[in-house]
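Here's the structure, in structure tokens; my notes come after.
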Amino acid sequence: MLYQRSSQLFAEAEKVIPGGVNSPVRAFKAVGGTPIFVQRAKGAYMYDEDGNRLIDYINSWGPMILGHAFEPVVQAVIEKAKLGTSFGMPTELETQIAALAVSMVPNIDKIRFVNSGTEACMSAVRLARGYTKKDKIIKFAGCYHGHSDSFLIQAGSGAVTFGSPNSPGVTAGTAKDTLLAKYNDLESVKILIEANKNEIATIIVEPVAGNMGCIPPNNGFLEGLRQLCTDNGILLIFDEVMTGFRLARGGVQELLNVDADIICFGKVIGGGLPVGAFAARAEIMDYLAPLGPVYQAGTLSGNPLAMAAGLAMLQALNNDAAIFERLEEKTAYLHKGIDAVLKANNVVYTINRIGSMISVHFDATPVVDFKTAANGDNETFKKFFHGLLQEGIYIAPSAYETWFITDALTYEDLDFTIRAIDKVSKTF
Ligand SMILES: *Cc1c(COP(=O)(O)O)cnc(C)c1O
């Protein structure tokens, strides 16, 4: 495959956009080479500016769970666009999608829509702080909650007790209120709670981690967090931006039967348009302006095009009784196939999977947290990534990303992918 035009377009982009991209994960920094410019997409395939067809395992990093250019979403957006694209006033559509989301997700009464997952998580934490009248938060190393200041804190060695900023621009003052725990390690959470008695407003967690590869929670981890929060007057935030409306109709709360206090959404809920949302019991949500004292707002929040896309997406998921089972079956099939060919080619690897999320790690030890996720062999991953690209298969250009399975993928696509992985893994 040739990427001549993509390379030219990237060179042009670099002159006027930092790094040529509007979100850093799109650059090929971790794998080398230049990003591929997409011209259009349909179903399971993207078509790039050089005319190559790519089987897509990223799906816009999650949203396109029913495939690209899903007809009901496209139609809904076109119809709404003709009626005006933004009013800054309430529309009936907002209530329709809110009511549907509330009916699908357990344990929430009210939901507020924003424009991104970042906004959802940022606002959820502010709400939790306002509601509990406490300042500190606990997050887990390797969990991603968007790019707002409080979350850009990562574990340095031994930095379990005191966060330190890992992005310039995040002040030490902000960093000191974010405490870092280890994913799948309740003891690390207990220590932080003990050391910061009555100061912790919230624990925010990806209930299934998806931003360091896919890492399902160990048995008892989420239940343990729930109990610690209840016992200590801490609100539990499930960041379901990735898992919401993907792993089950009601997300991880339903799938693993654990209740959180505030849930964050993004990705699938917008059907491919810029949408985020956060939701909770009425008592918590009514703490938001204009009813309550915690301020949160947005000129384009609840935008009609975004709401139309999101509503069409949620309706399609809600009306398809077998969708999550079907996605799981496809992903399990892919898992089995990859497992067999990597084994046959004596590759050292670990595969993690839950529902329609799967990740391949080039290391033999179980991947259960950030440290074990970081053990993977990046040189092998680079060969894997570029090898698959040559075969017309697009996975994320980073070893730390989950693959997202879309319903548009056929078993022929999956077989094609498994054969390609067989071929590529012979070159390691
Ligand atoms: C993608 C993601 C976010 C951030 O969402 P954006 O829409 O990119 O701002 C937050 N949390 C999780 C778990 C995510 O996967």
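Note that ligands are numbered from 1 as they come in the structure, with each ligand's atoms numbered from 1 the same way. Counting from 1, the numbers follow the sequence of the chain as shown.
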Q) In the protein, which heavy atom is nearest to atom 3 (C) of ligand 1, and how far is it? A) Val241 CG1, 3.7 Å
Q: Under 4.0 Å from a heavy atom of Gly117: give me the atoms of ligand 1 that qualify, with their elements.
A: 4 (C), 5 (O), 6 (P), 7 (O), 9 (O)
**Q.** Protein heavy-atom partner closest to atom 9 (O) of ligand 1 - residue, atom, separation in Å
**A.** Thr118 OG1, 2.6 Å
Q) Is there a heavy atom of Glu119 sitting under 4.0 angstrom from any atom of ligand 1? A) no
Q. Is it the side chain (CB and beyond), the backbone, both or neither of Glu206 that lies under 4.0 Å from ligand 1, heavy atoms counted?
A. side chain
Q: Compute the centroid of each ring, for Phe265 and then for Phe245, and state whether the two points are separated by less than 6.0 Å.
A: yes
Q) Honestly, is Arg53 close enough over Tyr47, meaning NZ or CZ under 6.0 Å from the six-membered ring centre and within 45° of the axis? A) no
Q | Short side-chain donor-acceptor distance under 3.5 Å, Glu206 and Tyr183 | A | no
**Q.** Numbering as shown, the atoms of ligand 1 that approach His145 to under 4.0 Å (heavy-atom distance)
**A.** 10 (C), 11 (N)
Q) Where the closest heavy atom to atom 13 (C) of ligand 1 is concerned, which of Ile204, Asp239, Val205 has it? A) Asp239
Q: Take Phe28 and Phe385 through the test ring pair (Phe, Tyr, Trp, His ring centres under 6.0 Å) and record every step on the way to the result.
A: CA-CA 10 Å; Phe28 275 23; Phe385 172 83; 5.2 Å; yes
Q) What is the ring orientation for Phe384 with Phe381, classed by angle as parallel under 30°, tilted 30 to 60°, or perpendicular over 60°? A) tilted
Q | Protein contact of atom 2 (C) of ligand 1 - nearest heavy atom, named by residue and atom, plus distance | A | Lys267 NZ, 2.6 Å
